Amino acid sequence: MRLLPLRTISSRFLTTGNKAQLLLAKKANCGLSANFESYKSVLQRCVVEKSITKTRAVHNHMKQTGFPHLSLGNKLIDAYLNCGSVDEARQVFDDMIHPHVVSWNSLMSAYIRLKRSQDAVSLYRKIFMVSILPDEFTFSSIFKAFSDLKLVNGGRATHGHLVVLGLEGSNMFMSSALVDMYAKFGMMQEALFTYEAISVKDVVLATALIVGYTQNGEDLKALGIFEEMVNCGIKANDFTFASVLIACGNLENLSFGRLIHGLTLRSGFHSRIAPATSLISMYSKCLLVEDSLKIFNEIVNPNTVAWTAMIGCLLHSHREEEALQFLLSMIRSSVKPNAFTLSTALRGCATLALFELVKQIHASAMKLGLETNRYICATLIDSYGKSGHVGIARMVFDSLAFPDLVSVNSLIYGYAQDGDGMEAIRLFYMIKGLGIEPNNATYVNVLSACSNSGMLEEGHQVFSFLVADHKPGPSTDLYACMVDLLGRAGRLHEAAELIARVQKPDKILWRTLLGACKIHGEVSMAKWAADKVLELDPGDDATYILLSNVYASLGQWKEVTSLKCLMRERKLKKDPAVSWIHVNQEIHTFMAGDMSHAKSELIYEELKELVEKTKDLGYVPDTRFVLQDMDEFEKERSLLYHSEKLAVTYGVLSNSGKMTLSLIPNPKQ
DNA sequence: GCTCGTATCG
C-alpha cells in the first residue's frame, strides 16, 4: 500500500511548520497503525480549525488510499460537525457499523442546534435498535427536541428510559433539560418533581424552574423558587434575573422589582442585555415609563429585543407617537426589526389609524419574509381595519393559510367599525365551520357590529347562541353589548330587564343604559341609571355629562346647571374630546371650538360651506345635545365647532387644492 | 451537554 501522498496533503492543507505536519512526515512510512495516528491528528487539527475543505480533503485522501476511514468515523463526524456540515457527518455516521454513543450524541445535539428536532428524535429512536445505551449526554440534549416538537408522550417516555437506566436525579444538566421540557409542556407538577429529585441544586436548574413558572403564569411561585435559591446560597446569573424581573412585572410588584433591580446592580448583571430588557418591561408594566427610558438609554448597543421592549413600553403608556419615533430611530441605527418589533409597532399604527405607515410596515414585513407570521397578520388586519381599509384587511385575512381566532376577531372589529354588520355576522358563522371557537372578544365585536348597523334581530340570535354556548353564562361586558343593541333600537325596558338578569351589574352596564336613554330622551330612566353608576363610582365624569345631555335635550336647564355645580364640588373635570387627521405625513389635532390651528379661518369658512351643502342634501342638525342654554342658531353654531368636523374639514381642504396658495412652497415639489 | 429578555383582538 502506497501512502506517500500523505506528505502532499500535509503540505497543501496545513500551515507549514505546525506540529501535525511534522507528525505526519515522521510517520508517513510506518504502516497502517502509524497512519491511523497521523490521520487522527490531522482530523483533530480540522476540528480545531473548522475548515470544511481540509476535512473533505482528508476524508477523500483516506478513501483514495484505501485507508479504512470508518475506523476514524467518530473523529470524521466530529470534524464535519465542527465545520457545520451536519449532512456529511450523517453520511459518515450511516456508513459506520458501530458508531460510538458519543457520535450519536454529537449528531443529535447538532440537529437540535439547527432546529432539525425531527431528525434528532428519529435518530434517538434508532439508538435502541442497535443495542447502544443512551447516556446522560444523550438525555441532556434530546429533551429539547421533544419540547420543540411538542411531543408530550415521546418526552415522557424518554424520561421513562432515563429512569429505567437508573440515571434519574444523577446529573444536573439532564435534570435542567427535563425541567425545561416539562415547563414548556405546561406540566409544572412534573417539572417541580424533577427539580426536587436533585438534592444539591445549581443556578441553571433553579432558573429553568423559575422560567417555567413565569411562562406558565405562576409568577408568585417563580419568586418563591428565587427566594429558595438565594437562601441556599446559589448565586443568580443574568438568565435568572431576566426571568425573575418578568415575574415582578407580571405581578406589577414594584417593590420586589426594585429590590431585584438593586441586586442586578450589585452583581453587575444590569449591564447585560437580557436583564436590562426585562427591567424595561418590568417598569413598563408598573407604568413607570421614565424608569424604562432610563434603563434603555443606559444600554450601550440596544439590540432588536431591547428596542422592541421599549417601543412596547411606550405603547403600553399610550405614548404612540413616541413609540413610532423609536421605531424610526431603531431603523436609522441599523438595528433590524423582527416580527416582534413590527407587530408591536403596528399596534401603535392601529391606535392612531396611520394608514400610510401601516402600508410601509406591511411592505417591510414582506421584505423580511414575515408576511405569514400570525402576529403580524393579525395586527395588519387590525390596523388596516382601524385606519378605514377593511377591504385590505380582508385581503390579508384571505391570504392566511390557517386563520386564527385573533385575526378573525380583528376582521370582525373592522367590519363593525365600517358599519358592515352583515359581513361581521357572516364571518361569525364562518369560523364555526373552520373549527375556531369564538371567545369573549368575538362576541363583543359581533354584537357591536350589529349595534352599529342597527341589526337587532341578528344580534339577538348571536346572543342566544352565546347563552347556549357558555356554560357559566355570558360575561357582564357581553350583557353590556346587548343592552347597547336593545337600547339603541329604543327597546329601553327590555334593556333594563336584561340588566336585572345580571348577578352583579357593573358601572359600564348602567352607563350603557344611560347612553341609550340619552338617544331616546328617556329622562326618568336616565336618572335611575345615572344614580346606579354613581353609586358604584361617584367620580365617573362621563356619567355627569351624559345625564346633563339628557336634561339639555329636554330643555331642563336648571338640572343641567345643578349637575355642573355638583361636578365642580366633586372636583371632576371631563377631558376635552380630541380629533385628529393625518395629512401630508403630519398629524393635525383639533378640540371643540379650536382656533389654534394656523389655518383656522379657512377651516371654519370651508366647514360653513360644507354644512350648507349637506343641508341642501337634507341634513338636519341634531341640536338636542348641546349643553348650553342658547337659541337654535347658536346651538347650530356650536355644533360646527365639534372637533371631528374640524378635523374632517381640514382633510377636505387639503385635498381640494384651495390651500396650496397659502402653503409654504415645498422645495421637493 | 442545560437556563434568558421583545409580539396580535373588545
Side-chain angles (χ1 to χ4, degrees), chain A residues 102 105-106 108-109 112-113 135-144 171-181 183-184 202-212 214-215 236-246 249 269 272-282 284 299 302-313 315 330 337-347 350 370 373-383 385-386 404-414 416-417 438-449 475 477-478 480-481 508:
Chain A
V102 169
N105 292 344
S106 311
M108 275 185 252
S109 64
I112 293 166
R113 253 200 321 278
D135 62 7
E136 59 265 46
F137 287 84
T138 322
F139 289 117
S140 56
S141 63
I142 197 63
F143 291 125
K144 193 173 174 50
N171 177 292
M172 197 87 75
F173 290 106
M174 219 166 57
S175 296
S176 303
L178 197 49
V179 166
D180 181 58
M181 180 188 76
K184 296 242 155 74
D202 78 343
V203 58
V204 178
L205 181 69
T207 302
L209 190 64
I210 291 171
V211 169
T214 61
Q215 290 179 347
N237 63 17
D238 47 345
F239 287 67
T240 325
F241 284 125
S243 305
V244 173
L245 284 164
I246 294 299
F269 285 117
R272 293 293 193 84
I273 193 85
T277 307
S278 294
L279 277 169
I280 292 173
S281 113
M282 187 272 291
S284 162
I299 300 177
N303 61 9
T304 306
V305 182
W307 277 103
T308 306
M310 196 58 234
I311 293 169
C313 166
L315 289 181
M330 169 183 176
N338 63 12
F340 286 73
T341 323
L342 296 187
S343 55
T344 305
L346 279 168
R347 217 173 76 212
L370 300 171
N373 178 286
R374 69 192 174 103
Y375 291 93
I376 298 263
C377 285
T379 36
L380 275 174
I381 292 165
D382 182 51
S383 44
K386 282 185 179 148
D404 60 14
L405 184 59
V406 180
S407 55
V408 171
N409 288 352
S410 304
L411 188 58
I412 293 179
Y413 182 84
Q417 201 191 236
N439 67 0
N440 216 45
T442 322
Y443 283 109
V444 169
N445 292 350
V446 175
L447 289 177
S448 60
S475 59
D477 51 349
L478 286 172
C481 288
I508 309 280

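Per chain, numbering begins at 1; letters A, B, ... match sequence-line order. Here the structure is a predicted model, which means the values were calculated and not measured. These values consider heavy atoms only, across backbone and side chains, with no hydrogens, waters or symmetry-generated copies.
Rounding to the nearest 0.5 Å gives a distance of 11.0 Å between CG of A:Leu245 and CD1 of A:Ile280.
Nearest to the side chain of A:Phe173, among B:dG5, B:dT6, B:dG1, sits B:dG1. Of all nucleotides listed (B:dG1, B:dA7, B:dT3), B:dA7 comes nearest to the side chain of A:Asn373. Of all nucleotides listed (B:dG10, B:dG1, B:dT6), B:dT6 comes nearest to the side chain of A:Thr277. With B:dG5, B:dC9, B:dT3 as the choices, the nucleotide that has an atom nearest any side-chain atom of A:Ala274 turns out to be B:dG5. Residue A:Asn440 places its side chain closer to B:dG10 than to any other of B:dG10, B:dT6, B:dT8. Counting only heavy atoms from C-beta on, A:Arg347 has its side chain closest to B:dA7 among B:dA7, B:dG10, B:dC2. Distance from the side chain of A:Ala309 is smallest for B:dT6 among the nucleotides B:dT6, B:dT3, B:dG1. Across B:dT8, B:dT3, B:dG1, the shortest atom-to-atom separation from the side chain of A:Val204 is found for B:dT3. Comparing B:dC4, B:dT6, B:dT8 by their nearest atom to the side chain of A:Val305 picks out B:dT6. Listed nucleotides: B:dC4, B:dA7, B:dG10. Nearest to the side chain of A:Ser243: B:dC4.
B:dT3 has A:Phe239 stacked on its base ring, the centres lying under 5.5 angstrom apart and the planes within 30 degrees of parallel.
In this model, a donor atom of one side chain and an acceptor atom of the other lie less than 3.5 Å apart for A:Ser475 and A:Asn440. Donor-acceptor pairing under 3.5 Å is lacking for the side chains of A:Asp382 and A:Thr379.
Looking at heavy-atom distances under 4.0 Å, A:Asp382 makes contact with sugar-phosphate atoms alone, never a base. Here A:Thr379 lies in heavy-atom contact (under 4.0 Å) with sugar-phosphate atoms only. Within 4.0 Å (heavy atoms only), A:Asn303 reaches at least one base atom of the nucleic acid. Residue contacts shown for A:Phe137 include a base, since a base heavy atom lies under 4.0 Å away. As judged by a 4.0 angstrom heavy-atom cut-off over every strand, A:Asp404 is placed among residues making no nucleic acid contact.
Between A:Ile246 atom CD1 and B:dC4 atom P the separation is 12 Å, expressed in whole Å. If you measure from atom CG of A:Asn445 to atom P of B:dG10, you get 7 Å, rounded to the nearest angstrom. What separates CD1 of A:Ile210 from C1' of B:dG5 is a distance of 15 Å, to the nearest Å. When the P atom of B:dT8 is taken as reference, atom CZ of A:Arg374 falls 11 Å away, rounded to whole Å. Across the protein-nucleic acid pair, A:Phe241 atom CZ and B:dG5 atom P stand 15 Å apart, rounded to whole Å. One atom, CG of A:Asp180, and another, C1' of B:dT3, lie 7 Å apart when rounded to the nearest Å. Rounding to whole angstrom units, OH of residue A:Tyr375 and C1' of B:dC9 are separated by 12 Å. To the nearest angstrom, P of B:dA7 lies 11 Å from CD1 of A:Ile280.
Remark: the A:Ser343 side chain and the B:dA7 base include a donor-acceptor N/O pair separated by less than 3.5 Å.
Not one side-chain nitrogen or oxygen of A:Gln215 sits closer than 4.0 Å to the OP1 or OP2 atom of B:dT3. Applying the 4.0 Å criterion to OP1 and OP2 of B:dG10, one finds that A:Lys386 has a side-chain N or O inside that range.
For the residue pair A:Pro275 and A:Phe241, the shortest heavy atom distance occurs at CB-CB, 4.3 Å. For A:Ile376 against A:Ser343, the heavy-atom pair with the smallest separation is CD1-N, 4.0 Å.
Across A:Val204, A:Val211, A:Leu205, a single residue satisfies side chain to side chain contact (heavy atoms under 4.5 Å, CB included) together with A:Thr207, and that is A:Val211.
Within 6.0 Å of atom CZ in A:Arg347, more than 12 heavy atoms from other residues, nucleotides or ligands are found, so the atom counts as buried in its surroundings.
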